[in-house]
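Proteins get letters first, then strands, A, B, ... in listed order; numbering begins at 1 in each. Keep in mind the model is a prediction, meaning the values are calculated, not measured.
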2 protein chains.
Amino acid sequence: MQNRLLAALPSGDVARLSPHLVQFELERGRTLHEPGDRIDHVYFPLVGVVSLMTLMENGAAIESAMIGPEGAVGLPAAIRQRTAISRAVVQGKGRALRLSAAILHDVWTTSPTLRDLVDAHGEGLYANVTQSVACNALHSVEERFCRWMLSCHDRVEGDTLALTQEYLADMLGVQRTTVTAVARSLQDKGAIRYRRGQVDIIDRSLLEAAACECYGVVRRNYDRLLPAAERPVTSETSAEP
Amino acid sequence: MQNRLLAALPSGDVARLSPHLVQFELERGRTLHEPGDRIDHVYFPLVGVVSLMTLMENGAAIESAMIGPEGAVGLPAAIRQRTAISRAVVQGKGRALRLSAAILHDVWTTSPTLRDLVDAHGEGLYANVTQSVACNALHSVEERFCRWMLSCHDRVEGDTLALTQEYLADMLGVQRTTVTAVARSLQDKGAIRYRRGQVDIIDRSLLEAAACECYGVVRRNYDRLLPAAERPVTSETSAEP
DNA sequence: CTTTGAGTGTCGAGTCCTCGACAGTCTGCC
DNA sequence: GGCAGACTGTCGAGGACTCGACACTCAAAG
């Protein structure tokens, strides 16, 4: 699996960037930046998920967007040389390529393709957040739970997600007991199976049926804006086993 | 009252833009663009509010952001020559300056100040939407009602807002009966007074006390990113009568 | 092998908000 | 002046989610 932004760059740009791309292990729970931090590095996930969290004054943190191999963490802020406005937390184990913001900015000034990609990424991210505004106001916890599982599943390898119900409750901004009830119900339906800190996706189509439209809307947006993923993971394209 | 983006431009840029700035009346309820529309014009509100709405498949529309004299409608899409992703609806009567996207793009290519302002506007808007994600998940209807009233009050002249409870219910994504109850309660407290399709703000400090933190967070963000408003409207800066 | 702590199951009271329904009231228009 | 339509008031049943509490279970560390 590869990063869709890097994959879309012409070879000339890749040649200029690659000497500065550093392999970086995404360790679960690690914070990449806090609100107010200056952005010195950009992370291009290859596998794995990074959550962008909005912090509230009482310490609550809720996910505003999820970034995986379709994007990069810190992109707009790095280019504009600004500070971060959210907290970026590694959600699931994975790998990324790290790049210094200065190098990225250099290449950005001379590469129209990179500029286009940065813009496309920004638009996809904005559309994602915009959709979440509506989603959090209008959709049930079960719908949002399923949307979240699917988004996550798209961005990692395999069908097992390492996360606790408490963690997920924070992401969604609800009580743990509510997550427990929803998870239980989805397990009874055969959509997922979970153990301590681990969720297996058993039947993706059941999740898709129970998720709100927001999952598909955001996904189609990215597909429209960025070159196709190397390994498509939509159910429509999956072959029989 | 003036548009903060235009006010921050150097005189050379203003000279190039002003022949193409057209006075435009913001009429309540008018749609400036729909999702998917090509953006041919950008609107710089002088007084009044435009709501950016996210549309759902079932026809529901919910506000993702509010734009007034601190910003512009269609900015990022016009510069990048992309299509709109939300519906833009005029919320309250007002005036704006309209500018062709092509002209804006021309000046943008040569003016670093304009590029900075566009970036700042984008960051403010993104921060606004991000905050709303959390707000919609965590805050009560009364808190969000107050946040909305304050945001709106900042962007119009006078203390009277022309809007129905049904309209506001749509914006917040809740039932009208809930809005009625909240409005009633705030009127009893002496914060507002309302009649058919009209709300007077009686005691702004009561609204501020009942609003969630999101109002202040977003406002301070814009103040940090853009040059100060001509007519500050924060309670802190108000003088005694 | 035991202990410890993290993760999950469950319960129940209580609150917020939904959803549908209908009655009243104001405004503008004919 | 009266009518139609838009706007607001109110009610009540019901559902979704909160909030605090406590018991249980598993996994890893000692």
Side-chain angles (χ1 to χ4, degrees), chain A residues 28-29 56 58-62 91-93 134-149 160-189 192-200 210-212, chain B residues 27-29 56 58-62 91-93 134-149 160-189 191-200 210-212:
Chain A
R28 186 176 171 210
M56 309 306 283
N58 66 3
I62 189 172
Q91 186 268 303
K93 229 168 128 177
C135 190
N136 284 353
L138 300 173
H139 297 149
S140 70
V141 175
E142 175 164 305
E143 289 173 310
R144 288 159 55 201
F145 180 106
C146 294
R147 173 192 174 189
W148 198 93
M149 297 291 285
T160 300
L161 310 177
L163 56 95
T164 67
Q165 296 182 358
E166 181 133 34
Y167 178 84
L168 188 47
D170 278 351
M171 292 290 125
L172 300 177
V174 299
Q175 296 279 118
R176 179 189 61 82
T177 49
T178 306
V179 170
T180 301
V182 168
R184 179 63 188 269
S185 144
L186 287 169
Q187 177 162 263
D188 290 348
K189 288 180 194 157
I192 62 175
R193 188 175 52 218
Y194 61 93
R195 327 185 255 309
R196 302 172 68 73
Q198 202 165 325
V199 181
D200 297 324
C212 51
Chain B
E27 299 156 15
R28 185 175 171 208
M56 309 305 282
N58 67 4
I62 188 173
Q91 187 267 303
K93 228 168 127 178
C135 190
N136 285 352
L138 301 173
H139 298 148
S140 71
V141 175
E142 175 164 307
E143 288 172 312
R144 288 160 55 203
F145 179 106
C146 294
R147 174 193 173 188
W148 198 93
M149 297 291 286
T160 300
L161 309 178
L163 55 95
T164 66
Q165 296 182 357
E166 181 132 35
Y167 179 85
L168 188 47
D170 278 351
M171 293 290 125
L172 300 177
V174 299
Q175 297 279 117
R176 179 187 62 81
T177 49
T178 306
V179 170
T180 301
V182 168
R184 181 63 187 269
S185 144
L186 287 169
Q187 177 161 264
D188 290 347
K189 288 180 195 156
I192 63 174
R193 188 175 51 215
Y194 61 94
R195 328 186 252 309
R196 300 173 71 72
Q198 202 166 325
V199 182
D200 297 325
C212 51

Please state how far atom [atom1] in [X] lies from atom [atom2] in [N], giving the value in whole angstrom units.
| X | N | atom1 | atom2 | answer |
| --- | --- | --- | --- | --- |
| B:L163 | D:dT8 | CG | C1' | 13 Å |
| A:R195 | D:dT25 | CZ | P | 19 Å |
| B:H139 | C:dT15 | NE2 | C1' | 17 Å |
| A:Y194 | D:dT25 | OH | P | 15 Å |
| B:L138 | D:dC19 | CG | C1' | 15 Å |
| A:Q187 | C:dT10 | CD | C1' | 16 Å |
| B:E166 | D:dA6 | CD | C1' | 9 Å |
| A:D188 | C:dG9 | CG | P | 10 Å |

Any residue of residues 175-185 of chain A with a heavy atom less than 4.0 Å from an atom of DNA chain C:
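When residues 175-185 of chain A is checked for heavy atoms under 4.0 Å from DNA chain C, the hits, listed by number, are A:R176, A:T177, A:T180, A:R184.
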
A side-chain contact here means heavy atoms from C-beta on lying under 4.5 Å apart; do [X] and [Y] qualify?
| X | Y | answer |
| --- | --- | --- |
| B:E143 | B:S140 | yes |
| A:V179 | A:Q175 | no |
| B:F145 | B:I192 | yes |

Distance below 4.0 Å between A:Y167 side-chain N/O and C:dA6 OP1 or OP2
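It does not, given that no N or O in the side chain of A:Y167 lies less than 4.0 Å from OP1 or OP2 of C:dA6.
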
Okay, side chain of A:Q91, backbone of A:R28: is any donor-acceptor separation there less than 3.5 Å?
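Judged by distance alone, no pair lies under 3.5 Å.
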
I'd like to know if A:D200 and A:R195 make a salt bridge, using a cut-off of under 4.0 Å between side-chain N and carboxylate O.
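Yes, this pair counts.
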
B:E142/B:K189 salt bridge by N-O under 4.0 Å criterion
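Salt bridge: yes.
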
Given the structure, check if the side chain of A:R196 and the base of D:dT25 hold any donor-acceptor pair shorter than 3.5 Å.
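Such a pair exists between side chain and base.
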
